[in-house]
Amino acid sequence: MAGQLRSAAFLVRTFVMTAAALVAAVVLYVLFTLPPRAVVFDAALPPTVVYGAYHVHTTRSDGTSSPDEVALAAARAGLSFVIFTDHGDATRQPDPPTYRHGVLCLDAVEISSDQGHIVAIGLGGASPYPLGGAARDVAEDVHRQGGWVVLAHPDSPREELRWTGRDVPMDGIEWLNADSEWRDEAPRHLLMTAARSLFRAPEAVASLFSRPARTLRRWDTAAARRSTIGLAAIDAHSRWPGYDRLFRVLAQAVVLEAPLGGDAGVDGAAVLDALARAHTFSIIRALAGPAVLEWRATTGVREFTAGDRLPAGEAVTFQARVPQAPGVVIRLLRDGVEVATGRGSLVRTGPAAPGAYRVEADYPTATVPWIVSNPIYVGEPVVPPPAAPLADVPLLPLDAADWRLEHDAASTGTVTVEDGWRRFGYALGRGVPAGQYAALVTDTPPETGFDRIRFTARADRPMRVSVQVRLPGGPDGQRWRRSVYLDATPRTLVVPLEDLEPVGMDSTQRPVVARINSLLFVVDTVNTSTGAEGTVWIRDAALGVGTPGG
């Protein structure tokens with residue numbers, strides 16, 4: 001018995017010693033593979049340059065801390081402003097700019113569209129209806145309400161977060177998204193990074209970053225056509241490693257006309273104006289900082305900075321410098337292609353071909369750019385020719401057709417005729433969105449193909465109505481849709497079939513000329529709240545088809 005006890009004790013000691021050796025080995029490995037500590041420059045930022053965090057979530061959506069707690073974390077990290085981007089449909093009244101713990105807090109919203117996420121910044125107030133559906137419609141609504149549009153995490157490794165849309169009138173793009181950078185890493189790499197974050201959290205997070213080549217190409221392609229702002233998004237939810245540590249990873253720097261004065265309304269307007277004008281650059285703080293990018297172009301006596309557009313055909317001097325890091329490599333890119341490089345500073349003089357010119361500063365050993373500017377543009381934007389208006393064609397009027405109502409079990413509707421208008425009253429069922437809808441429907445002659453829908457409509461309030469068609473095909477046919485904006489002003493609208501999006505199916509093709517089984521005007525929970533009641537008036541509904549090219 002004593003021998004058995006001694007044997008068991010020996011096994012326990014052996015196990016404990018082995019486990020301790022393994023732990024010590026892992027700790028030593030982690031310590032020996034720590035990323036370099038961030039370099040801290042002995043220089044203060046100019047009073048007109050402020051660092052902030054863009055794209056931050058709180059407990060108002062899927063974050064883990066309240067706006068006040070997030071602001072406190074930002075203050076500990078030395079930031080001057082935070083832009084909250086909680087998920088929503090823009091129907092919540094944006095909070096006015098306010099100072100919390102000395103940090104300027106600005107309110108934006110991240111909206112889910114059918115093609116990807118859109119951050120809406122600078123909305124003038126709550127939207128009168130939920131924003132959602134096709135990305136082009138969300139962008140149109142954001143612009144109508146005074147805001148500007150940023151594509152969020154467009155190349156996320158997560159398919160459901162990745163951008164899938166065609167060209168939309170975007171104002172900006174997240175060239176870097178910290179939340180996306182770790183999602184394609186192997187579990188072992190993430191585990192070791194988590195261990196390193198116990199010692200150097202910001203540096204460990206930044207060690208996961210690599211050059212987002214695809215997203216930078218996306219930005220450069222867009223900027224070659226129109227002015228497009230590039231932003232670095234922290235996309236903080238604080239699951240790991242905490243808001244204050246994440247805020248030390250990267251920042252969006254804003255160059256102001258005058259220092260912040262302490263009035264939240266005035267300062268908030270100044271920060272948003274500087275961002276909208278692209279007077280901003282991104283910096284990876286976990287590599288080095290604080291630092292300032294000096295970036296300008298001159299033609300004769302005129303000086304231009306990020307976001308500005310200068311005439312083509314003139315001799316231009318581009319100058320870039322990071323005074324705090326005289327040995328850093330600075331590269332000048334035109335539409336994403338490197339055209340000049342310098343160490344510590346960059347000067348390039350000569351004729352400048354039209355395009356979008358921006359600079360990147362590369363810190364030693366880093367695989368992601370340390371500082372990224374916004375572009376200075378040479379020449380006018382490449383504006384595609386406007387689409388030729390659809391020619392007048394013979395129309396099949398539908399006003400005399402039989403119109404009926406369709407709706408789910410919880411919703412109701414009415415249809416009457418008054419003064420030549422077909423009055424469509426709707427009342428969506430209450431509760432959580434569960435497919436509530438009401439529709440005004442008519443069947444159409446199946447023997448003829450059409451390529452457009454024309455109608456005149458108005459509504460008793462600002463809203464979106466989904467114009468839909470049912471086409472032959474499959475056991476239950478195919479359904480296609482395009483939403484249109486309505487308010488109290490009557491509008492005559494023409495919806496080409498090729499502008500429609502598929503419903504309940506994936507297809508890269510679009511109907512051009514098709515036989516239409518039914519035409520529907522639908523109010524549903526994509527752009528209308530449950531329990532909502534209202535009225536839409538429609539007249540002169542018709543289908544038409546033109547000749548090729550006409």
Side-chain angles (χ1 to χ4, degrees), residues 52-71 74 81-98 100 103-154 156 160-161 163 165 168-174 177-180 229 231-238 243 252 264-265 268-269 271-273 275-276 433 462-464 483 485 525-530:
Y54 155 75
H55 198 146
V56 179
H57 296 278
T58 74
T59 49
R60 293 184 305 189
S61 61
D62 56 349
T64 59
S65 294
S66 68
D68 193 72
E69 293 167 331
V70 171
F81 69 89
V82 170
I83 300 179
F84 298 127
T85 57
D86 283 303
H87 297 278
D89 58 12
T91 56
R92 179 178 64 82
Q93 178 72 25
D95 290 342
T98 184
R100 302 171 185 258
V103 175
L104 179 63
C105 297
L106 305 172
D107 205 9
V109 60
E110 184 174 4
I111 303 167
S112 297
S113 79
D114 292 343
Q115 287 76 38
H117 289 197
I118 286 174
V119 174
I121 301 177
L123 290 173
S127 172
Y129 53 88
L131 303 192
R136 61 185 173 186
D137 298 335
V138 174
E140 177 186 299
D141 289 339
V142 170
H143 289 151
R144 181 184 295 108
Q145 296 171 32
W148 47 287
V149 170
V150 180
L151 298 194
H153 41 70
S156 171
E160 65 271 24
L161 299 179
W163 183 255
V168 298
M170 65 179 179
D171 306 293
I173 186 171
E174 294 178 359
N177 182 286
D179 186 66
S180 296
I229 307 159
L231 300 174
I234 195 70
D235 206 353
H237 302 78
S238 193
Y243 287 99
Q252 193 64 37
V271 169
L272 291 180
D273 179 67
L275 285 170
M463 65 179 301
R464 277 194 173 272
S483 79
Y485 171 80
T525 56
V526 174
N527 295 115
T528 306
S529 301
T530 59

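Below, each value reflects all heavy atoms present in this structure, side chains not excepted, and no hydrogens, waters or symmetry copies. Sequence positions, counted from 1, serve as the residue numbers for this chain.
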Measuring from atom CZ of Arg100 to atom OG of Ser66, what distance do you get when rounded to the nearest 0.5 angstrom?
7.5 Å

With side chains defined as the heavy atoms from C-beta onward, is the minimum distance between Pro94 and Phe84 less than 4.5 Å?
no

When you compare the side chain of Val526 with that of Ser483, does any pair of heavy atoms fall below 4.5 Å?
no

CG (Leu151) and CG (Asp171) are apart, to the nearest 0.5 Å, by 9.5 Å

Gap between atom CG of Leu231 and atom CD1 of Ile121 - 0.5 Å precision:
6.0 Å

Any chance you could measure Thr85, atom OG1, to Asp235, atom CG, to the nearest 0.5 Å?
6.5 Å

Would you confirm whether Asp107, through its side chain, and Asp95, through its main-chain N or O, come within 3.5 Å as a donor-acceptor pair?
yes

Would you check if the side chain of Glu174 reaches a backbone N or O of Ala233 as a donor-acceptor pair within less than 3.5 Å?
no

Heavy-atom closest pair, residues Arg92 and Ala108:
NH2-O, 4.3 Å

Check: Gln252 side chain, Ala232 main-chain N or O, donor-acceptor pair, under 3.5 Å:
yes

Looking at every non-hydrogen atom in both residues, tell me the closest pair between Gly116 and Trp163 and how far apart they are.
CA-CE3, 3.5 Å

Side-chain donor or acceptor of Gln93 paired with backbone N/O of Gly125 under 3.5 Å:
no

For the pair Tyr54 and Leu275, evaluate side chain to side chain contact (heavy atoms under 4.5 Å, CB included) and give the outcome as yes or no after the intermediate values.
CA-CA 11 Å; Tyr54 155 75; Leu275 285 170; over 6 Å; no

For the residue pair Thr98 and Ala264, what are the closest heavy atoms and their distance?
CA-CB, 3.7 Å

Determine the interplanar angle of the His117 and His87 rings, folded into 0 to 90°, and report it as parallel if under 30°, tilted if 30 to 60°, perpendicular if over 60°.
perpendicular

Nearest heavy-atom pair of Pro97 and Leu106: which atoms, and what distance?
CB-CD2, 3.7 Å

Between Ser238 and Tyr243 (side chain of the first, backbone of the second, donor and acceptor by atom type, cut-off under 3.5 Å), is there such a pair?
yes

Of all heavy-atom pairs linking Thr59 and Pro67, the shortest is OG1-CD, 4.4 Å

To the nearest 0.5 Å, what is the distance between CD1 on Ile229 and CH2 on Trp148?
4.0 Å

Heavy-atom donor-acceptor pair, Asp86 side chain to Thr58 backbone, under 3.5 Å
yes

Distance-minimising heavy-atom pair for Ile111 and Ala90
CD1-CB, 4.2 Å

Using atom types as modelled and distance alone, determine if a side-chain donor or acceptor of Thr525 lies under 3.5 Å from a backbone N or O of Thr528.
no

Using modelled atom types only, decide if a donor and an acceptor are shared between the side chain of Thr64 and the backbone of His237 within a distance under 3.5 Å.
yes

I'd like to know whether Leu131 forms a side chain to side chain contact (heavy atoms under 4.5 Å, CB included) with Gln145, so could you lay out the CA-CA distance, the side-chain angles of the two residues, the decisive distance to 0.1 Å, and finally the verdict.
CA-CA 11 Å; Leu131 303 192; Gln145 296 171 32; 4.0 Å; yes

Quick check for you: to the nearest 0.5 Å, what is the distance between Ile234 atom CD1 and Ile83 atom CD1?
13.0 Å

Would you check, one step at a time, whether the test salt bridge (charged side-chain N to carboxylate O under 4.0 Å, His left out) holds for Arg136 with Glu140?
CA-CA 6 Å; Arg136 61 185 173 186; Glu140 177 186 299; over 6 Å; no

Before accepting this row, confirm whether a basic side-chain N of the pair Asp141/Arg464 lies closer than 4.0 Å to the acidic partner's carboxylate O.
yes

Side-chain donor/acceptor of His153 to backbone N/O of Leu161, under 3.5 Å
yes

Go through Val168 and Val149 one step at a time and tell me if the side chain to side chain contact (heavy atoms under 4.5 Å, CB included) criterion holds.
CA-CA 9 Å; Val168 298; Val149 170; 5.6 Å; no

Going by atom types alone, do Thr91 and Asp89 pair a side-chain donor with an acceptor below 3.5 Å?
yes

